[in-house]
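First comes the structure, then the notes that go with it.
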Amino acid sequence: MEIETPTPVPSEAMAPTITGQTAKISPFLDPGSVTKANSLAILQLSRDNLVPVYLQPPKGKHDGYAEGAVVNTRYGSFPHATMINVPWGSQIRASKVDTGSRGRNNKRKRDAADEASKETETETQEVVTEKEQTPINGNGEVEIKKAVTDSSGFIHVLPPTPEVWTSSLPHRTQVVYTPDYSYVLHRIRARPGSVLIEAGAGSGSFSHASARAVYNGYPVDDSEKKGKVYSFEFHEQRYHKMKQELKDHHLDEIVHLTHRDVYNGGFLVDGKSPEAEAIFLDLPAPWEALPHISRRNPKDPSDKTWVSPLNPKKSAHLCTFSPCIEQVTKTVSAMRRLGWVDIDMVEIANRKYHASRERVGLNLSFDRGVNNSARDVDEAIARLTEIETRFREHAAKSRDSDDEMDSDTEKGPKKGGKKNNKKGAPQNGNGVSDSNEEGAAVSGYGTAPWMEGRLITRGEPEIKTHTSYLVFAILPREWTEEDEAAAAAKYPVIGEQKVIGVVDKAARKKERREQLQKATLGNRKARRKERDAQLGVEGI
Ligand SMILES: C[S@@+](CC[C@H](N)C(=O)[O-])C[C@H]1O[C@@H](n2cnc3c(N)ncnc32)[C@H](O)[C@@H]1O
């Protein structure tokens with residue numbers, strides 16, 4: 001789907017960026033089935049350790065590595081070339097990398113810098129480095145050294161999603177995490193085709209999640225209405241970083257970012273209304289932004305020049321995100337004054353559950369996580385019976401050999417010494433045999449190891465996840481005489497003579513009485529007809 005894949009600028013470790021890309025589909029929306037060069041990938045080093053990386057195509061020596069660009073981790077070195085064109089989710093083994101002159105060059109640079117700082121003269125010190133040459137093969141193609149697998153470890157390469165991006169993004173502010181934003185997006189009814197306002201953009205965690213929620217295709221031209229996020233951020237540096245990130249992730253056509261203080265400037269874009277129906281405010285003082293999200297000028301409702309950022313044909317669903325209750329109180333007061341209804345507050349107390357299989361049994365191996373006690377009463381009794389039988393056999397054998405010894409002593413010492421008493425004696429404190437054969441026979445290798453044992457879940461001991469209070473509210477659409485007339489024309493009421501479901505108590509009683517009377521009269525008529533028929537007077 002990508003149209004163009006120009007050369008990326010080498011990325012910084014913490015805030016990877018590439019420039020000059022005009023490719024259309026974002027990897028967050030459609031990553032394809034395999035990893036691609038010049039595209040974002042998330043490297044999972046361990047469960048909660050995720051690193052975003054732009055995979056760079058092989059372009060000869062890079063930063064002293066003969067294998068091209070390399071990601072160095074505590075689990076080993078991973079050349080980008082080993083991670084390109086593999087199915088998403090693949091396990092990537094570490095490689096032995098050839099640093100060539102890298103170590104030497106770096107040392108020279110360091111030494112030269114030390115020297116320069118020692119010297120007083122202003123003369124520029126020239127640092128001698130070996131010029132990195134890009135090897136080209138006979139076909140004119142760039143050559144890189146083929147990576148050799150190392151046993152130091154492995155990682156997994158994951159496609160970018162808002163969830164993994166939230167866990168790996170370069171933090172510039174406090175971010176909204178997945179448990180909160182999934183609930184918020186559901187409550188403000190963000191769905192494909194929605195128009196959403198977000199302020200402030202911060203680190204872009206919510207922006208990525210909302211972009212995916214509203215996405216229903218890229219607009220072909222400005223007149224085409226597609227799902228869109230209008231995002232606002234007043235911190236200049238954060239605004240520029242986020243702008244670049246959206247471009248790199250090919251989300252800039254879905255998320256329109258504006259550099260603005262929304263308390264003063266409001267939410268119009270180029271003087272026009274975004275016509276939003278969902279709003280998310282992650283601001284220190286949401287009540288200062290609320291007057292701008294009105295249908296009419298709050299200071300002068302008759303002001304005809306007022307342009308509302310809301311869609312006049314739909315109710316607006318709003319959520320504000322505030323860490324302390326004082327902010328909530330102020331926000332709720334402002335909402336009430338401005339006509340918002342259905343106001344309610346929610347706190348998400350997310351709790352992680354650890355799921356694992358508990359393997360319990362006397363005959364299991366001594367692996368980590370195995371509980372070597374009896375699985376049930378039957379197993380305990382069977383094992384005790386076995387031990388007792390062995391014990392009895394052992395005692396009987398000992399008696400026999402004592403008798404033999406006694407008779408041998410009488411006859412003189414026997415050749416060959418003591419009998420090898422291998423069989424029968426329990427080998428450890430639990431009465432479990434250490435024998436490999438027995439272990440193999442009973443440890444259930446017929447079942448896949450990950451399916452062994454009972455499935456158990458364990459909750460986190462305490463909930464320590466207060467992030468913020470979420471305040472939700474709805475601003476209904478305005479309903480005019482014209483709207484009523486249009487609705488009546490569209491849904492005409494034909495043949496309805498009376499109101500369905502009378503609410504007045506007296507009228508309800510009267511109606512019931514009439515119904516009863518009718519029923520009694522009907523019954524009386526039916527009974528008379530029956531009697532007449534029996535008497536044979538019918539039709540006379
Ligand atoms: C907590 S951060 C938002 C984090 C973001 N929701 C995320 O998930 O990454 C709050 C942001 O609001 C911005 N901000 C604060 N006051 C603002 C204002 N008046 N107008 C626009 N942005 C504002 C701050 O610069 C900051 O980046």
Side-chain angles (χ1 to χ4, degrees), residues 14-17 28 42 50 52 160-188 190 196-214 229-246 248-249 251-252 254-269 274 276 278-293 309 317-324 326-328 330-331 334 346-348 350 465-472:
M14 284 307 293
T17 57
F28 283 84
I42 310 290
L50 301 151
T161 62
E163 290 75 24
V164 290
W165 180 246
T166 296
S167 308
S168 63
L169 57 80
H171 277 217
R172 302 182 280 268
T173 55
Q174 276 280 5
V175 304
V176 183
Y177 288 95
T178 301
D180 287 298
Y181 66 56
S182 55
Y183 184 72
V184 171
L185 287 167
H186 150 74
R187 284 287 303 264
I188 62 174
L196 192 147
I197 284 176
E198 173 209 24
S203 307
S205 167
F206 186 83
S207 320
H208 281 73
S210 55
R212 182 185 56 186
V214 305
V229 177
Y230 289 90
S231 187
F232 297 84
E233 172 58 57
F234 86 145
H235 189 283
E236 191 169 357
Q237 224 179 337
R238 281 179 214 148
Y239 161 78
H240 287 299
K241 283 237 159 97
M242 171 102 175
K243 191 101 183 145
Q244 185 60 50
E245 224 162 63
L246 291 171
D248 294 344
H249 298 172
L251 288 172
D252 47 341
I254 313 277
V255 183
H256 184 288
L257 185 64
T258 304
H259 179 218
R260 184 180 302 160
D261 169 5
V262 294
Y263 299 157
N264 295 311
F267 297 93
L268 301 186
V269 177
I279 306 104
F280 177 65
L281 301 180
D282 184 2
L283 296 166
W287 58 92
E288 290 197 31
L290 279 177
H292 298 284
I293 314 174
H317 289 76
L318 164 77
C319 173
T320 65
F321 191 82
S322 304
C324 48
E326 291 77 8
Q327 289 168 313
V328 170
K330 283 189 175 179
T331 305
V346 173
E347 186 190 4
I348 304 285
N350 181 52
T465 55
H466 171 78
T467 49
S468 274
Y469 298 110
L470 310 175
V471 181
F472 294 96

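Whatever order the structure lists them in is the order used to number ligands and atoms, beginning at 1.
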Exercise for review: Please answer whether the main-chain N or O of Gly202 pairs with a side-chain N or O of Thr173 as donor and acceptor at a distance below 3.5 Å.
Suggested key: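 Answer holds: no.
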
Check your understanding: When you measure from the side chain of Gln327 to the backbone N and O of Cys324, does any donor-acceptor pair fall under 3.5 Å?
Key -> yes

Ligand 1 versus [X]: contacting region, heavy-atom distance under 4.0 Å:
X      : value
Ala199 : neither
Leu283 : side chain
Thr173 : side chain
Arg238 : side chain

Review point. Which heavy atom in Val229 sits nearest to a heavy atom in Ser210, and how many Å separate them?
Key: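 Taking every non-hydrogen atom into account, CG2-OG, 3.7 Å.
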
Show me which atoms of ligand 1 lie under 4.0 Å from any heavy atom of [X].
X      : result
Ser203 : 9 (O)
Gln174 : 1 (C), 2 (S), 4 (C)
Arg260 : 20 (N), 21 (C)
Val262 : 18 (C), 19 (N), 20 (N), 21 (C)
Gly202 : 3 (C), 4 (C), 27 (O)
Pro284 : 15 (C), 16 (N)
His235 : 25 (O)
Asp261 : 18 (C), 19 (N), 20 (N)

Exercise for review: Would you check, one step at a time, whether the test side-chain contact (heavy atoms from CB on, under 4.5 Å) holds for Val269 with Phe232?
Suggested key: CA-CA 10 Å; Val269 177; Phe232 297 84; 4.1 Å; yes

Of all the non-hydrogen atoms in the protein, which one sits nearest to [atom], and at what distance?
atom                    : answer
atom 27 (O) of ligand 1 : Glu233 OE1, 2.7 Å
atom 10 (C) of ligand 1 : Asp282 O, 3.3 Å
atom 12 (O) of ligand 1 : Gly200 CA, 3.5 Å
atom 5 (C) of ligand 1  : Ala201 O, 3.4 Å

Practice item. Starting from the C-alpha separation in whole Å, work towards a yes-or-no answer on side-chain contact (heavy atoms from CB on, under 4.5 Å) for Val255 and Tyr230. Key: CA-CA 6 Å; Val255 183; Tyr230 289 90; over 6 Å; no

Check your understanding: Under a 4.0 Å N-O cut-off, is there an ion pair linking Glu163 with Arg212?
Key -> yes

Review point. Charged N to carboxylate O under 4.0 angstrom, Arg172 versus Glu233?
Key: no

Check your understanding: Parallel, tilted or perpendicular: which fits the ring planes of His249 and His208, with parallel below 30° and perpendicular above 60°?
Key ->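 Plane angle over 60°, so perpendicular.
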
Check your understanding: Which of the listed options, Phe321, Phe234, Phe280, holds the heavy atom that is closest to atom 22 (N) of ligand 1?
Key ->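 Going through Phe321, Phe234, Phe280 one by one, Phe234 has the nearest heavy atom to atom 22 (N) of ligand 1.
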
Check your understanding: Can Ser207 and Glu198 be said to form a side-chain hydrogen bond (donor to acceptor under 3.5 Å, both in side chains), step by step?
Key -> CA-CA 8 Å; Ser207 320; Glu198 173 209 24; 3.0 Å; yes

Review point. How many angstroms lie between atom OG of Ser182 and atom CZ of Arg187, to the nearest 0.5 angstrom?
Key: 12.5 Å

**Study point:** Atom pair CG (Leu246) and OG (Ser231), whose distance is rounded to the nearest 0.5 Å
**Key:**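 Those atoms lie 7.5 Å apart.
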
